[in-house]
Amino acid sequence: MNVPMLDLAAEYRDLEAELADAVGKVIASGRFILGPEGEALEHEVAAYLGVGHAVAVASGTDALHLALRAAGIGPRDEVVMPSFTFVAAAEAVCHVGARVVFADIDPATYNLDPAACEAAIGPATRAVIAVHLFGQTADLAAISAICQRRGLTLIEDCAQAIGADFDGRRAGAWGALGCFSFYPTKNLGAYGDAGMVVTNDPKLAEVVRMLRHHGSRTAYRHEMIGYNSRLDELQAAILRVKLKRLDRWNAQRRERAGLYRRLLSGGPVGLPVEHGRGAHVYHQFTVRAPRRDALREELAARGVASAVYYPVPVHRQPAYALDHGGLSLRESERAAQEALSLPMYPQLAESAVRGVCDALREAAASRELLRRKS
Ligand SMILES: *Cc1c(COP(=O)(O)O)cnc(C)c1O
């Protein structure tokens with residue numbers, strides 16, 4: 001057996017002709033930066049999410065950075081966010097000169113715990129970044145209520161959750177600003193770096209639009225000190241082809257997750273918990289295993305790939321430990337030791353899911369695993 005974490009080649013085989021056509025048209029047009037494909041993608045994503053405005057940028061990391069700048073977050077401000085996540089949001093906070101305040105997660109969903117979030121708010125707090133990890137939103141009702149009550153800007157990191165919703169409203173449509181990544185392995189992935197900022201506020205959209213293009217809206221007039229963070233036309237054209245399939249792909253991910261769940265129930269690992277207030281889009285199917293690293297090796301020996309997101313919470317990373325290393329976030333630290341993501345992608349065959357589950361049960365019961373402590 002050989003089951004990879006994901007199979008982008010399988011996806012490409014289904015789209016090859018359409019992608020060749022879309023890419024060919026862009027190249028023939030001679031327009032590569034800020035053109036009709038990017039504009040069309042922005043309209044399509046805004047409509048898909050049910051938001052007023054979408055601004056395409058160069059990456060998900062830039063989306064977070066530009067969103068924070070547009071929200072006016074800067075030196076002397078604090079931003080509350082989870083530590084059990086990809087490092088990008090913390091970088092963005094630091095790059096605007098603000099201070100990160102890490103809060104712990106809800107162990108059931110791996111997302112920011114609203115009570116911990118509220119407890120981390122201080123006089124300098126200006127914003128909260130809610131990360132929707134693994135394809136499921138944080139508790140957006142609770143977190144947006146906190147932000148409203150305390151006068152804070154809510155920014156959503158939706159990099160792993162395009163298409164997910166909470167109480168019928170999509171991820172990205174809850175906060176003042178929603179930030180998306182189209183990194184190739186995300187549920188909607190480009191063939192390179194790409195990202196987007198969405199908002200219902202036309203003024204914020206306009207500022208992000210200027211920031212991504214050297215702070216300018218008319219040629220060679222620079223109203224702000226900006227960046228070069230535009231999404232190119234080739235990536236936009238590719239994303240438009242894929243966006244049409246996104247709902248089907250997300251449904252397929254949910255089906256695979258349902259099968260994993262049935263086959264692994266009562267088994268050796270803890271299953272992902274759905275909050276039940278909206279669709280999980282299973283960017284990852286992440287289980288909990290006490291002897292995670294040993295289990296992972298045993299799975300690999302049986303031809304099954306798995307991945308650890310994330311082995312070290314951000315507050316314990318070398319670059320952040322100087323300021324935050326003394327912090328203790330029990331659930332974030334435990335998740336970093338126990339979370340294991342299994343193969344998950346829309347084209348994953350049912351037989352492969354069965355194979356992974358058999359291998360997992362076998363691995364968990366193996367002598368090698370039982371002998372090891374970690
Ligand atoms: C992928 C990801 C990002 C960063 O996106 P890039 O497009 O790679 O810059 C940010 N946050 C989370 C949670 C991510 O998974």
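The shown structure was predicted, so the numbers you read here are calculated from the model rather than taken from an experiment. Numbering of residues begins at 1 and proceeds along the displayed sequence. Ligands are counted one by one from 1 in listed order, and the atoms in each one are counted from 1 as well.
Paired with F166 under the rule ring-ring contact (aromatic ring centres under 6.0 Å, His included), one option of H280, H275, H132 passes, and it is H275.
Taking R288 as the reference, E338 meet the salt bridge (charged side-chain N to carboxylate O under 4.0 Å, His left out) condition, with sequence neighbours excluded. Taking the salt bridge (charged side-chain N to carboxylate O under 4.0 Å, His left out) definition, one finds that E18 meets it with K244, R245, sequence neighbours left out.
In this structure, N111 contributes its side chain and L133 its backbone to a donor-acceptor pair below 3.5 Å.
Of the charged side-chain nitrogens involved, at least one lies within less than 4.0 Å of a carboxylate oxygen, so that E331 and R334 count as a salt-bridged pair.
Other members of the cluster containing V23 are Y12, L15, L19, V26, I27, F32, I33, L34, Y191, L234, I238, V241, W249, with ILVMFWY side chains joined at under 4.5 Å, either directly or via other members.
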When you check ligand 1 against the protein, what N or O pairs turn up below 3.5 Å? List the atom names and distances, or just say none.
{"from": "ligand 1", "atom 1": "5 (O)", "to": "S181", "atom 2": "OG", "distance (Å)": "3.2"}
{"from": "ligand 1", "atom 1": "7 (O)", "to": "G60", "atom 2": "N", "distance (Å)": "2.8"}
{"from": "ligand 1", "atom 1": "7 (O)", "to": "S181", "atom 2": "OG", "distance (Å)": "2.6"}
{"from": "ligand 1", "atom 1": "9 (O)", "to": "G60", "atom 2": "N", "distance (Å)": "3.3"}
{"from": "ligand 1", "atom 1": "9 (O)", "to": "T61", "atom 2": "N", "distance (Å)": "2.8"}
{"from": "ligand 1", "atom 1": "9 (O)", "to": "T61", "atom 2": "OG1", "distance (Å)": "2.5"}
{"from": "ligand 1", "atom 1": "11 (N)", "to": "D157", "atom 2": "OD1", "distance (Å)": "3.3"}
{"from": "ligand 1", "atom 1": "11 (N)", "to": "D157", "atom 2": "OD2", "distance (Å)": "2.8"}
{"from": "ligand 1", "atom 1": "15 (O)", "to": "Q160", "atom 2": "NE2", "distance (Å)": "2.8"}
{"from": "ligand 1", "atom 1": "15 (O)", "to": "K186", "atom 2": "NZ", "distance (Å)": "2.8"}

